[in-house]
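Below: the structure, in structure tokens.
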Amino acid sequence: MPANRSKSEKHDAAAKPVRRDPYEVLGVSKNSADQEIKSAYRRMALKYHPDKNANDPKAADMFKEVTFSYNILSDPDKRRQYDTAGFEAVESESQELELDLSSLGTVNTMFAALFSKLGVPIKTTVSATVLEEALNNLVTVLPLPMGQPVSKKVEKQCAHFYSVRITEEEARSGFVCRVQSSDKSKFKLLYFDREENNGLSLALQEDSAKTGKVTSAGMYFLGFPVYRLDQTMNSVAASKDPDAAFFKKLDGFQPCEITELKAGDHVFAVYGDNFFRSASYTIEALCAAPYKEEKEYLRAVETQILTKRVEISKFETEYREVLAQFTEMTSRYAQEMQVIDELLKQRNEIHASYTSAPPMKRSRSKSRGSFKEAKEDGQVKDKKSTMRDRPKKKKWYNIHLKVEKRKPC
């Protein structure tokens, strides 16, 4: 018979949610490519988004499950760990849900803004309203000429859409789309795929990041794998362990899903990601043909970063071992220093006892105190006996003076 479980164990088992297979949740196979997983997630997240399913707890739970599953399968390391050992190998506490600011109330938005201001990384998602309008082809798309910057201001949780036409030659040479904000506004750079109904589905997104005196984001389609750095990745683990901020810094360095664009029209968008105000920005589309040296330099630097990521992973193991030894040594150092100081203090007290001057009051043990009192009593008695043995001196007024009597003259 199976052993009877305690009430607490039964309660924990009942409280612990039953996780479904992430591949089953997203409706993809274990051999699916990253782009296929991302597309499945976008479709399901839009379907079960809280904005479209108000007061529907089942849709809210499904939205959380879809996001949780995508957070596992979108990370190569977590996906490999899950394929090997299941959910137990994945740190569920570090899974971060993306926050839709449009679905928050004023108070929650203020709290989110405060945490962001304090440096707490908060991942936000594009409003479901914007995604649905794009999917239904209800957005205005403006032309973006190649090499001509456009400056505008987009309202919070809104998006400006731009269409860029790429020729065959420009597609072969490579293409870059960059956005920057001189007043350090928060925004997202989005890239959309064109659907059969002429609607737009979100395919890529890049969050703005501080680069010097501006915030910027860019997408690079250069014909070879280009990497992006997700700076919010492993932020929870880094906050618990300061050293993790260094060793986990390159964990978010992952390849972009799309490496090149074909000739034709392509749609990008700038999404206002600020909490309370609009975002000022400048968007620019560039052909990479004049930047051959930069392309080779970028490839070389990213190769070095990948190599360094492997080296840092090995170095972390060595560092942790040495750090443990160092902590042990510093603890012993403090203990030994305390013992030495105490011994030197006792030595100085012994030296100070060799003196004829009246001893200073010192807190000593009972045995030492009794020895000292006996010694002092002996010295006092010796002094008294010596005083008694000495002959008494006559006082000057007791001296007998002889006076001769003379006859009067």
Side-chain angles (χ1 to χ4, degrees), residues 22 25-28 32-56 58-71 73-74 97-104 123-144 152 154-166 175 177 179 186-208 217 219 221 228 256-258 261-262 264-274 279 281 283 285:
V25 173
L26 297 179
V28 296
S32 298
D34 294 339
Q35 183 59 36
E36 186 179 353
I37 293 174
K38 179 180 282 289
S39 299
Y41 164 69
R42 297 295 182 191
R43 287 195 303 269
M44 298 192 70
L46 184 60
K47 179 180 178 181
Y48 296 105
H49 199 282
D51 280 0
K52 297 181 62 178
N53 302 273
N55 302 323
D56 187 352
K58 292 183 178 180
D61 291 341
M62 189 64 186
F63 180 77
K64 293 178 181 179
E65 187 177 30
V66 167
T67 306
F68 177 79
S69 300
Y70 177 70
N71 283 338
L73 300 184
S74 62
L97 296 178
E98 292 183 342
L99 187 66
D100 182 4
L101 299 181
S102 64
S103 65
L104 295 180
K123 296 188 71 172
T124 57
T125 186
V126 180
S127 169
T129 303
V130 173
L131 297 178
E132 188 172 11
E133 290 177 350
L135 193 60
N136 295 327
N137 197 22
L138 299 177
V139 296
T140 302
V141 182
L142 303 175
L144 179 62
K152 284 184 177 293
V154 61
E155 295 300 321
K156 56 182 173 51
Q157 287 88 57
C158 295
H160 290 170
F161 290 79
Y162 296 93
S163 176
V164 182
R165 176 161 293 180
I166 301 176
F175 170 80
C177 182
V179 182
K186 287 186 64 179
F187 60 87
K188 294 181 187 292
L189 174 59
L190 312 176
Y191 172 71
F192 289 84
D193 284 333
R194 184 74 69 174
E195 299 292 334
E196 294 180 357
N197 63 346
N198 210 30
L200 302 172
S201 62
L202 182 61
L204 295 175
Q205 74 175 39
E206 287 288 339
D207 292 349
S208 62
M219 292 184 180
F221 309 92
R228 57 185 296 272
C256 294
E257 294 84 351
I258 304 175
L261 297 180
K262 296 181 179 179
D265 293 334
H266 296 272
V267 178
F268 294 84
V270 180
Y271 176 78
D273 206 24
N274 277 345
Y281 68 90
I283 184 172

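A search for side chain to side chain contact (heavy atoms under 4.5 Å, CB included) contacts involving Ala217 returns Phe187, Leu189, Glu206, not counting sequence neighbours. Every residue meeting the ring-ring contact (aromatic ring centres under 6.0 Å, His included) condition with Phe221, not counting sequence neighbours, appears here in chain and number order: Tyr191. With sequence neighbours excluded, the residues forming a side chain to side chain contact (heavy atoms under 4.5 Å, CB included) with Arg194 are Asn137, Asn198, Leu200, Val267, listed by chain and number. Residues passing the side chain to side chain contact (heavy atoms under 4.5 Å, CB included) test with Asn136 are Glu132, Leu138, sequence neighbours excluded. Applying the side-chain hydrogen bond (donor to acceptor under 3.5 Å, both in side chains) test to Arg165 and every residue at least two apart in sequence or in another chain returns Asp265. Residues forming a side chain to side chain contact (heavy atoms under 4.5 Å, CB included) with Leu135 (at least two apart in sequence, or on another chain): Leu46, Glu195, Ser201.
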Walk me through it: do Phe175 and Val164 pass the test side-chain contact (heavy atoms from CB on, under 4.5 Å)?
-> CA-CA 10 Å; Phe175 170 80; Val164 182; 3.8 Å; yes
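Of all non-hydrogen atoms in Cys158 and Val130, the two that sit nearest each other are CA-CG2, 4.4 Å.
Contact annotation: the side chain of Met62 approaches that of Met44 to within less than 4.5 Å [non-hydrogen atoms, C-beta and beyond]. Put simply, the side chain of Glu65 does not reach to within 4.5 Å of the side chain of Tyr48, judged on heavy atoms. In this structure the side chain of Lys38 reaches within 4.5 angstrom of the side chain of Tyr70, judged on heavy atoms. For the pair Leu142 and Lys152, the minimum side-chain heavy-atom distance is below 4.5 Å. His160 places a side-chain heavy atom less than 4.5 Å from the side chain of Tyr281. Proximity of Phe161 to Thr140: side-chain heavy atoms (C-beta onward) are nowhere separated by under 4.5 Å.
Interatomic distance, Leu204 CG to Ile258 CD1, rounded to the nearest 0.5 Å: 4.0 Å. If you take CG on Asp193 and OG on Ser39, they are separated by 7.0 Å, rounding to the nearest 0.5 Å. Rounding to the nearest 0.5 Å gives a distance of 10.5 Å between CG of Leu26 and CD of Glu36.
Looking at Tyr162, its side chain never comes within 3.5 Å of a backbone N or O of Val270 through a donor-acceptor pair.
Just one residue in the list Gln157, Lys186, Lys156 forms a side-chain contact (heavy atoms from CB on, under 4.5 Å) with Tyr271, and that residue is Gln157.
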